[in-house]
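A short write-up of the structure that comes next.
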4 protein chains.
Amino acid sequence: MEYQVKPANGKLGILIPGLGAVATTFIAGVEAVKKELAQPIGSLTQMGRIRLGKRTENRHPLIKDFVPLAALEDIVFGGWDVYADNVFEAAQNAKVLEPMLLHAVKPELEALKPMKAVFDKSFAKNLDGTNVKEAATKMELAEALMDDIQEFKEANGCDRLVMVWCGSTERYIEESDVHQSVAAFEEGLRNSDPAIAPSMIYAYAALKMGVPYANGAPNLTVDIPAIVELAKEMEIAISGKDFKTGQTLMKTILAPGLHARALGVRGWFSSNILGNRDGYVLDDPDNFKTKEVSKLSVLDEIFKPESNPDLYGDMYHKVRINYYPPHGDNKESWDNIDIFGWLGYQMQIKINFLCRDSILAAPLVLDLALFTDLAQRAGMSGIQEWLSFYYKSPQTAEGLAPEHDIFKQLMKLQNTLRHMMGEDLITHLGLDYYQDLVEAL
Amino acid sequence: MEYQVKPANGKLGILIPGLGAVATTFIAGVEAVKKELAQPIGSLTQMGRIRLGKRTENRHPLIKDFVPLAALEDIVFGGWDVYADNVFEAAQNAKVLEPMLLHAVKPELEALKPMKAVFDKSFAKNLDGTNVKEAATKMELAEALMDDIQEFKEANGCDRLVMVWCGSTERYIEESDVHQSVAAFEEGLRNSDPAIAPSMIYAYAALKMGVPYANGAPNLTVDIPAIVELAKEMEIAISGKDFKTGQTLMKTILAPGLHARALGVRGWFSSNILGNRDGYVLDDPDNFKTKEVSKLSVLDEIFKPESNPDLYGDMYHKVRINYYPPHGDNKESWDNIDIFGWLGYQMQIKINFLCRDSILAAPLVLDLALFTDLAQRAGMSGIQEWLSFYYKSPQTAEGLAPEHDIFKQLMKLQNTLRHMMGEDLITHLGLDYYQDLVEAL
Amino acid sequence: MEYQVKPANGKLGILIPGLGAVATTFIAGVEAVKKELAQPIGSLTQMGRIRLGKRTENRHPLIKDFVPLAALEDIVFGGWDVYADNVFEAAQNAKVLEPMLLHAVKPELEALKPMKAVFDKSFAKNLDGTNVKEAATKMELAEALMDDIQEFKEANGCDRLVMVWCGSTERYIEESDVHQSVAAFEEGLRNSDPAIAPSMIYAYAALKMGVPYANGAPNLTVDIPAIVELAKEMEIAISGKDFKTGQTLMKTILAPGLHARALGVRGWFSSNILGNRDGYVLDDPDNFKTKEVSKLSVLDEIFKPESNPDLYGDMYHKVRINYYPPHGDNKESWDNIDIFGWLGYQMQIKINFLCRDSILAAPLVLDLALFTDLAQRAGMSGIQEWLSFYYKSPQTAEGLAPEHDIFKQLMKLQNTLRHMMGEDLITHLGLDYYQDLVEAL
Amino acid sequence: MEYQVKPANGKLGILIPGLGAVATTFIAGVEAVKKELAQPIGSLTQMGRIRLGKRTENRHPLIKDFVPLAALEDIVFGGWDVYADNVFEAAQNAKVLEPMLLHAVKPELEALKPMKAVFDKSFAKNLDGTNVKEAATKMELAEALMDDIQEFKEANGCDRLVMVWCGSTERYIEESDVHQSVAAFEEGLRNSDPAIAPSMIYAYAALKMGVPYANGAPNLTVDIPAIVELAKEMEIAISGKDFKTGQTLMKTILAPGLHARALGVRGWFSSNILGNRDGYVLDDPDNFKTKEVSKLSVLDEIFKPESNPDLYGDMYHKVRINYYPPHGDNKESWDNIDIFGWLGYQMQIKINFLCRDSILAAPLVLDLALFTDLAQRAGMSGIQEWLSFYYKSPQTAEGLAPEHDIFKQLMKLQNTLRHMMGEDLITHLGLDYYQDLVEAL
Ligand SMILES: NC(=O)c1ccc[n+]([C@@H]2O[C@H](COP(=O)([O-])OP(=O)(O)OC[C@H]3O[C@@H](n4cnc5c(N)ncnc54)[C@H](O)[C@@H]3O)[C@@H](O)[C@H]2O)c1
Ligand SMILES: NC(=O)c1ccc[n+]([C@@H]2O[C@H](COP(=O)([O-])OP(=O)(O)OC[C@H]3O[C@@H](n4cnc5c(N)ncnc54)[C@H](O)[C@@H]3O)[C@@H](O)[C@H]2O)c1
Ligand SMILES: NC(=O)c1ccc[n+]([C@@H]2O[C@H](COP(=O)([O-])OP(=O)(O)OC[C@H]3O[C@@H](n4cnc5c(N)ncnc54)[C@H](O)[C@@H]3O)[C@@H](O)[C@H]2O)c1
Ligand SMILES: NC(=O)c1ccc[n+]([C@@H]2O[C@H](COP(=O)([O-])OP(=O)(O)OC[C@H]3O[C@@H](n4cnc5c(N)ncnc54)[C@H](O)[C@@H]3O)[C@@H](O)[C@H]2O)c1
Ligand code: NA
Ligand code: NA
């Protein structure tokens with residue numbers, strides 16, 4: 001059984017709700033790369049290689065030479081925002097990239113003006129932009145988005161589209177009745193049900209238009225049954241949620257290492273200092289609460305304290321986010337990890353990560369856009385668990401625990417690509433290299 | 001094709017050349033665990049679980065319940081050292097474990113007296129013990145060791161034996177003619193060739209007696225063609241070299257994570273401070289040189305700068321070991337890692353690992369002893385590449401690059417165990433969970 | 001003009017309200033020192049030296065050989081607590097000192113049983129001990145304390161007494177009318193005014209009995225005008241408040257250094273993790289608020305942003321205390337300091353202090369007791385500003401800003417001792433060493 | 001007795017042997033400050049204040065408003081280097097300041113061309129510049145320098161001159177006969193004695209011309225008896241040596257704090273990573289040796305282990321400098337400090353200082369130039385011990401131990417300024433504020 005992956009002919013439109021720090025760093029970066037002013041570091045689709053076949057074959061092509069991905073030259077950008085600033089202005093405000101670099105791509109960025117957003121202040125009280133659609137019902141808002149999408153596709157001569165949410169984190173909500181089926185959801189759209197968040201309207205519009213959707217924020221959006229049902233019905237790919245960067249990235253690297261060696265963990269204290277808008281919002285204990293829940297779950301899934309009570313049963317895990325303006329977008333984390341080894345003897349690990357939030361997130365937008373487009377062309381619809389690698393809270397089919405270990409996520413991603421292209425899966429067994437031995441079995 | 005793994009009946013003798021810090025911490029620990037005074041944390045064979053079958057089957061047995069390993073109760077210890085101190089005295093000198101704990105297992109440790117060592121001062125000039133064998137030739141020394149082994153086996157009623165080298169690091173030597181074949185090596189033993197190190201004599205004696213050998217030091221020992229040939233001939237398992245602990249352990253966890261995300265690395269500065277005998281020896285620039293070479297290679301293999309020149313081509317990697325008596329066996333490392341992401345923007349990671357050297361090494365001795373015995377019972381002879389997980393410089397068949405990524409090493413180890421027991425290998429592909437999708441293909 | 005310091009004849013009783021972690025670490029330590037089992041490290045009175053005269057005289061006596069202090073052998077301990085545990089039991093609960101050490105002084109500690117406390121649950125809702133005095137009014141409670149003091153003095157044959165508060169931090173209160181004069185305060189005692197905290201009743205009783213009082217907690221206690229008035233009237237020494245340890249100690253060392261060099265500070269982020277009872281209480285945002293205010297003021301006083309706006313005007317200072325049980329009393333702090341130098345170029349300092357809270361506080365109890373007794377014998381009554389060295393929020397005469405720079409505090413302390421003993425004050429001018437120059441003036 | 005400080009009328013010429021990273025950062029900075037593009041942060045003479053009189057007087061003038069210093073507008077720069085690059089080119093090569101800033105002062109920097117150096121390859125084998133004076137004897141070289149000085153003074157209309165050495169560190173040499181008196185030294189100049197270093201020739205020429213000399217490198221230069229004698233004879237100010245920046249600055253801040261509190265120190269491990277030319281040279285164990293000696297002495301002088309054996313007698317102090325190109329001039333230090341407190345309980349402090357070498361050094365050049373000129377105008381000649389504050393190895397009169405505690409150095413500097421201007425010295429005694437008490441004495 002093999003995939004028939006359609007070729008990546010023609011233009012790919014990347015549609016982005018939310019043209020803030022991450023999105024503008026992503027767009028400016030792609031333009032700079034196209035001009036050969038910089039490199040798309042951190043992007044697996046552009047810089048990464050994949051091993052194929054046996055070790056002795058020495059086949060390690062670039063991923064972009066192995067699977068048929070859209071070329072950067074064929075990408076067109078579009079987006080919505082509640083603020084009317086063009087992408088050049090928005091990138092300047094974000095203070096992530098240096099003025100010199102921004103000026104080198106100024107014409108391209110200035111040409112990108114956000115479409116009017118679907119917005120509801122009750123979901124993000126800190127925002128007060130006015131570049132917002134007006135309509136009688138949420139269904140009409142959805143239809144307006146579909147019109148935007150259609151117009152964008154035609155105006156830009158796009159062959160295919162993908163949507164990647166880079167908008168703000170919305171207020172926490174729980175699933176309710178209106179989210180349970182396509183029918184209920186559409187009824188809700190017509191009634192302007194308050195439980196339907198703006199991000200859901202974008203996702204609905206995208207799927208109805210045959211556009212796959214990737215969710216970079218911790219919003220509920222594509223997790224709800226109605227959207228999953230619609231994705232299956234329309235045979236469209238979806239995935240989420242919350243770009244995995246910074247401290248959580250580091251955790252899902254280190255924790256599997258400690259677990260691999262059966263080292264115990266008594267405590268893990270994580271402190272973050274950051275001074276961008278995200279940090280300001282998360283400094284509020286209420287807003288932080290939901291983020292905390294999701295951040296805490298990462299370690300539990302990797303360590304599985306219930307099956308390893310002697311090693312992880314008493315682990316005390318605490319995450320703190322501290323708003324600290326002097327650092328701006330240069331998020332910095334400090335982790336103290338109390339581990340124990342042989343006979344319970346204690347050791348400590350301290351990690352200080354001086355990172356840059358949007359610099360880590362931008363290449364994920366690119367990879368998610370290109371891989372999602374690839375999946376769609378390969379006929380893979382519904383939840384794309386193989387993209388777990390990119391998310392803090394990977395979306396999985398009901399009943400399946402998400403995988404947080406970044407190395408298992410990578411293996412899953414790579415073996416999916418190999419599978420797609422009819423290559424052997426890699427198990428790292430490698431006993432066949434030891435001929436004598438194999439013959440002796 | 002399936003392995004016929006023989007059951008682990010009867011006693012397993014663990015023979016250890018070198019009863020210093022690591023070995024005594026290992027032995028005292030096993031005795032304390034047997035008395036239920038402490039737990040064998042850090043030992044995969046004792047504490048680790050393995051996932052079997054599909055995720056939805058929820059099968060995660062303890063490894064020791066999955067593969068037939070020798071029970072701790074069936075282990076008997078023996079060893080050689082150039083100092084005549086019994087294991088209780090040697091453990092006290094090592095200052096790793098607390099007096100209280102040592103006293104709880106004092107009778108067991110006191111009863112363990114080292115056999116006379118095969119020793120050659122030209123390979124370790126700092127040692128001046130006198131518990132040393134005298135003989136006319138190196139062949140006679142080998143025969144004396146074989147007698148020791150035979151006597152030990154009988155006296156302790158052992159069913160099987162394994163040997164794990166925990167002796168000092170020997171002076172660096174390169175392969176020469178005498179190492180190229182069993183014939184040349186045996187001729188060298190008879191001539192007392194100066195290029196034959198004591199550790200090689202132990203390995204030769206072990207293999208001749210049908211005893212598998214695991215090499216915890218960076219010594220050449222089992223890497224030489226003569227010993228590899230002998231291992232094949234005798235159908236005995238060998239593996240090495242250099243227990244992977246501390247900073248290198250941390251590196252082979254973190255580097256694969258950075259590589260996974262295609263993040264670039266400009267520099268990696270590693271400083272260590274430690275105050276035990278090992279640190280004292282390595283403070284000498286000459287002794288450190290060979291250690292440095294091996295330590296540096298770890299990152300190169302993971303990052304493959306030649307195939308990723310834009311990401312790792314200019315990486316400056318420096319490792320320093322500083323003798324610092326106040327810390328004793330509490331080795332501490334500090335790493336500064338200069339990385340870069342999207343468009344070349346720079347970030348830094350600082351890791352301070354307050355570790356304990358012998359506490360990290362002791363469980364590796366246990367796992368290597370038990371897994372080596374398992375391999376032998378499974379009929380797996382020669383180089384055990386699947387034990388790479390435990391080594392700084394994994395031994396592989398000629399022509400195969402060693403794998404340093406600890407997560408690939410773990411995958412290799414686990415899939416080997418699954419393969420041994422006739423279970424499906426795990427690829428983390430997982431597309432089958434997404435039924436609709438698979439049917440749709 | 002010179003002091004007539006009375007000799008330290010006879011026994012000195014140290015009376016301690018609050019026999020918790022700090023007090024028991026202090027008492028057990030003094031007993032261990034008396035038995036020569038350990039040394040009173042961290043105590044200036046026991047280990048410190050003082051330079052006298054010109055540098056070329058080479059006079060650096062131990063402080064205890066320079067000024068007439070009570071000898072450790074002449075100290076007798078007493079105290080109150082709301083829990084009836086003797087000091088041995090309380091020390092065990094505190095988990096600061098090792099069992100071995102505690103057992104070595106067990107008889108001495110077991111003999112120390114707390115007197116019944118003056119307590120009011122509204123000032124410390126987490127405490128529920130029952131070893132508490134009952135009385136009709138607060139005045140009667142004060143009288144009961146005076147009886148305790150009198151009895152203790154007689155029973156132990158003490159020549160002199162000092163009181164050092166080591167009790168819990170009380171709920172924050174502001175000064176009110178009842179605190180404004182001795183008359184109002186005594187009226188309040190008779191009326192059981194709710195604004196009179198238990199610690200104030202101890203202080204009142206002490207001063208009435210001629211016993212000087214030192215305040216180790218951030219409580220208002222001796223800061224109120226009524227107590228200052230009473231201290232002057234009775235000619236008794238008082239001082240406070242809040243033992244300076246840990247992160248604040250580090251800050252008042254480092255900040256003067258940056259200020260000395262006119263280096264600017266953009267931000268100072270201070271995170272603490274600790275797992276003792278103190279940490280538990282301070283994890284609550286409300287309780288932390290007042291602590292925060294006091295902690296923040298430290299930097300302001302040293303940097304004086306109003307007179308150095310270019311260097312410190314925009315400084316963002318944030319202090320966080322995080323309850324983290326795995327660390328127990330081993331408080332750990334992490335500071336990130338963003339500084340700037342020549343032309344505004346930015347630099348960073350990161351400090352990770354793995355400290356032990358009570359170990360740092362215990363010697364301060366000893367020094368404060370001995371120096372307070374010295375001051376009293378020297379006829380120095382009222383506020384002892386020269387003891388600022390020991391406090392987070394030094395008490396000063398009205399209208400005088402407290403000095404937080406630990407080096408100015410030390411200079412003040414040392415010059416006070418020199419002054420007391422008729423020695424020349426030290427200014428570090430030192431031009432006189434350069435004879436030719438001086439003659440040339 | 002008061003100084004008659006002459007006013008700072010007319011132009012002050014600052015003559016600098018060695019126009020490398022430090023000197024060009026200094027000059028470019030002063031030019032930028034004059035254009036109000038940046039601020040002279042880190043310079044006490046420009047940004048610092050001094051307290052005068054009693055605390056209650058609230059007098060804290062800027063130092064430059066208190067003592068008569070040369071104004072930045074009145075400064076003229078000149079210098080020598082073995083490379084002929086003008087200061088703009090040299091600053092570009094140094095890669096300390098951003099291109100944008102350098103361009104803003106390009107005309108001023110380009111106009112500054114180095115005079116031909118007095119140079120001797122045997123003292124700095126890494127340098128191979130050709131902008132070097134040729135002459136028959138070292139005396140003739142000295143005379144050529146005197147001519148340079150005279151010409152510079154006239155050409156620039158200077159009223160006064162000072163010389164600050166910012167040249168490379170010379171090879172280590174010990175004092176020999178030729179250094180013992182002016183007579184022997186001049187004889188040596190005539191004989192071109194190989195023990196006379198280039199820096200000594202500059203110092204000799206300066207003093208003969210009535211120009212005071214400050215020594216920013218660890219070179220012997222003005223420490224030798226001949227130069228001290230000449231300085232007295234000519235009544236000219238001298239001082240040295242080695243600008244105190246980075247890790248040593250941090251040490252002389254922190255160590256006095258630990259000492260103040262009588263906390264013990266078991267070990268202090270200092271690691272540095274830096275990638276500039278200085279780092280390259282110091283990576284060589286031989287070159288590092290002398291630097292190490294001087295760096296180690298700092299702690300000894302502050303802790304005085306011989307008089308505090310219980311606290312500091314066993315202190316293990318180790319300093320490592322590691323060449324690490326990725327960091328360039330951004331020197332980074334990591335210190336691990338093992339301290340102990342009450343009863344010997346152990347604690348640790350880790351300090352990671354991400355500093356910039358030349359940014360910290362540049363303001364010291366300015367302060368030393370201005371204060372040295374002030375001293376000269378105040379009639380203070382010979383060794384200026386009050387400038388110890390700026391040096392790693394402060395020069396003192398024979399028989400006087402150097403003071404390394406930065407807070408005593410600051411007190412010395414400030415009290416010298418007060419003394420100079422007829423203000424009361426400050427002792428921080430402050431008992432006079434406590435009126436009642438003082439009356440009671
Ligand atoms: N490393 C990272 O930066 C990172 C990591 C994980 C997740 N994320 C998530 O990515 C998202 C974007 O982060 P950012 O740093 O760019 O934030 P940002 O605040 O800079 O940008 C968000 C933008 O979304 C716009 N917006 C909000 N609601 C909208 C709506 N309904 N329609 C259209 N536009 C809308 C806002 O006006 C703003 O311009 C956030 O949800 C964040 O939590 C970021
Ligand atoms: N984390 C770790 O501790 C770690 C990690 C990797 C490798 N290792 C290696 O493990 C080995 C043991 O480390 P350790 O800390 O226990 O060292 P150690 O010095 O405490 O003990 C080594 C012992 O070997 C003995 N010995 C030396 N030559 C011998 C010989 N020919 N025959 C018999 N005995 C001999 C010595 O007398 C000594 O007692 C070293 O080679 C070390 O490099 C240790
Ligand atoms: N480094 C330090 O440990 C440090 C530093 C600065 C200040 N402090 C302060 O020192 C004090 C003691 O700290 P600790 O760690 O020993 O706390 P702790 O909680 O261990 O001990 C305090 C004791 O005071 C008792 N107590 C409370 N109210 C009382 C009353 N009215 N009368 C008699 N006893 C009473 C409690 O029962 C308890 O046993 C606290 O106020 C703390 O904030 C400690
Ligand atoms: N934080 C700091 O940067 C710092 C701290 C303490 C001391 N120092 C000392 O300051 C000095 C300058 O440091 P840098 O970083 O600017 O070094 P650098 O190498 O960048 O500059 C030194 C310059 O001196 C020149 N030079 C050498 N010998 C000379 C001679 N005889 N006559 C004229 N020019 C000569 C060289 O050509 C070079 O241009 C060094 O001695 C260094 O050790 C620097
Ligand atoms: Na180092
Ligand atoms: Na925090």
Side-chain angles (χ1 to χ4, degrees), chain A residues 1 29 32 38-39 41-44 47-49 55 60 232 253-254 257 260-264 307 310-311 340-345 347-356 359-360 362-363 380 382 397 400 406-408 410-412 415-416 419 425 427-430 433-434 436-437 440-441, chain B residues 1 29 32 38-39 41-44 47-49 55 60 232 253-254 257 260-264 307 310-311 340-345 347-356 359-360 362-363 379-380 382 397 400 406-408 410-412 415-416 419 425 427-430 433-434 436-437 441:
Chain A
M1 181 188 67
Q39 286 188 297
I41 315 288
S43 160
L44 209 59
M47 309 289 295
R49 294 177 177 274
R55 271 189 280 169
H60 298 95
K232 283 185 193 164
I253 290 171
L254 186 58
R261 277 293 180 91
L263 291 167
S307 39
D310 291 330
L311 296 174
F340 56 99
W342 191 240
L343 315 179
Y345 276 71
M347 295 167 279
Q348 297 188 0
I349 303 168
K350 324 271 182 187
I351 302 189
N352 187 202
F353 188 4
L354 289 80
C355 89
R356 293 168 185 257
I359 290 295
L360 286 176
M380 296 167 71
L400 282 184
I406 198 167
F407 304 101
K408 293 184 184 161
L410 178 66
M411 177 73 71
K412 186 186 293 292
N415 272 338
T416 300
H419 179 66
L425 302 194
T427 64
H428 293 294
L429 182 65
Y433 300 113
Y434 294 80
D436 306 329
L437 175 124
L441 294 181
Chain B
M1 179 190 69
Q39 286 189 298
I41 315 290
S43 161
L44 209 60
M47 309 290 295
R49 294 178 176 275
R55 271 190 279 169
H60 298 95
K232 283 185 194 163
I253 290 171
L254 187 56
R261 277 293 181 90
L263 292 166
S307 38
D310 292 330
L311 297 174
F340 55 99
W342 191 238
L343 315 179
Y345 277 70
M347 296 168 278
Q348 298 189 0
I349 303 170
K350 323 272 183 184
I351 302 189
N352 186 202
F353 188 4
L354 290 81
C355 91
R356 293 169 186 257
I359 291 295
L360 286 176
M380 296 167 70
L400 282 184
I406 198 168
F407 303 100
K408 293 183 185 161
L410 179 65
M411 178 73 71
K412 187 186 293 290
N415 272 339
T416 301
H419 179 65
L425 302 194
T427 64
H428 292 294
L429 182 66
Y433 299 113
Y434 294 80
D436 306 330
L437 175 123
L441 295 180

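Here is the naming used below: chain letters follow the sequence lines, and residue numbers restart at 1 for every chain.
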Side chain to side chain contact (heavy atoms under 4.5 Å, CB included) between A/Leu44 and B/Arg261, worked out: CA-CA 6 Å; A/Leu44 209 59; B/Arg261 277 293 181 90; over 6 Å; no

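- Within the 4.5 Å cutoff, side-chain heavy atoms of B/Leu254 are placed close to those of A/Ile253.
- B/Met411 and A/Met411 make their closest contact through CE-CE, 3.1 Å (heavy atoms, listed as atom of the first residue, atom of the second, distance).
- A/Lys412 contributes atom NZ, which lies 8.5 Å from atom OG1 of B/Thr427 (distance to the nearest 0.5 angstrom).
- Side-chain contact between A/Ile41 and B/Leu343 is absent, with no heavy-atom pair separated by less than 4.5 Å.
- Atoms CG and CG, on A/Leu425 and B/Leu425 in that order, are 10.5 Å from each other to the nearest 0.5 Å.
- Contacts between A/Ile351 and chain B at a heavy-atom distance below 4.5 Å involve backbone atoms as well as side-chain atoms.
- Both the backbone and the side chain of A/Ile359 come within contact range of chain B, judged by heavy atoms closer than 4.5 Å.
- Looking at A/Arg49, its side chain does come within 3.5 Å of a backbone N or O of B/Ser307 through a donor-acceptor pair.
- Between B/Gln348 atom CD and A/Cys355 atom SG the span is 12.0 Å, to the nearest 0.5 Å.
- Comparing B/Gly48, B/Gly264, B/Gly341, B/Ser43 by how many heavy-atom pairs each has under 4.5 Å with chain A, the most go to B/Gly341.
- The line from CZ of A/Phe407 to NZ of B/Lys408 is 10.0 Å long, rounded to the nearest 0.5 Å.
- Atom CD of residue B/Gln39 and atom CZ of residue A/Phe340 lie 7.5 Å apart, to the nearest 0.5 angstrom.
- Side-chain contact between A/Leu360 and B/Leu263 is present, with at least one heavy-atom pair separated by less than 4.5 Å.
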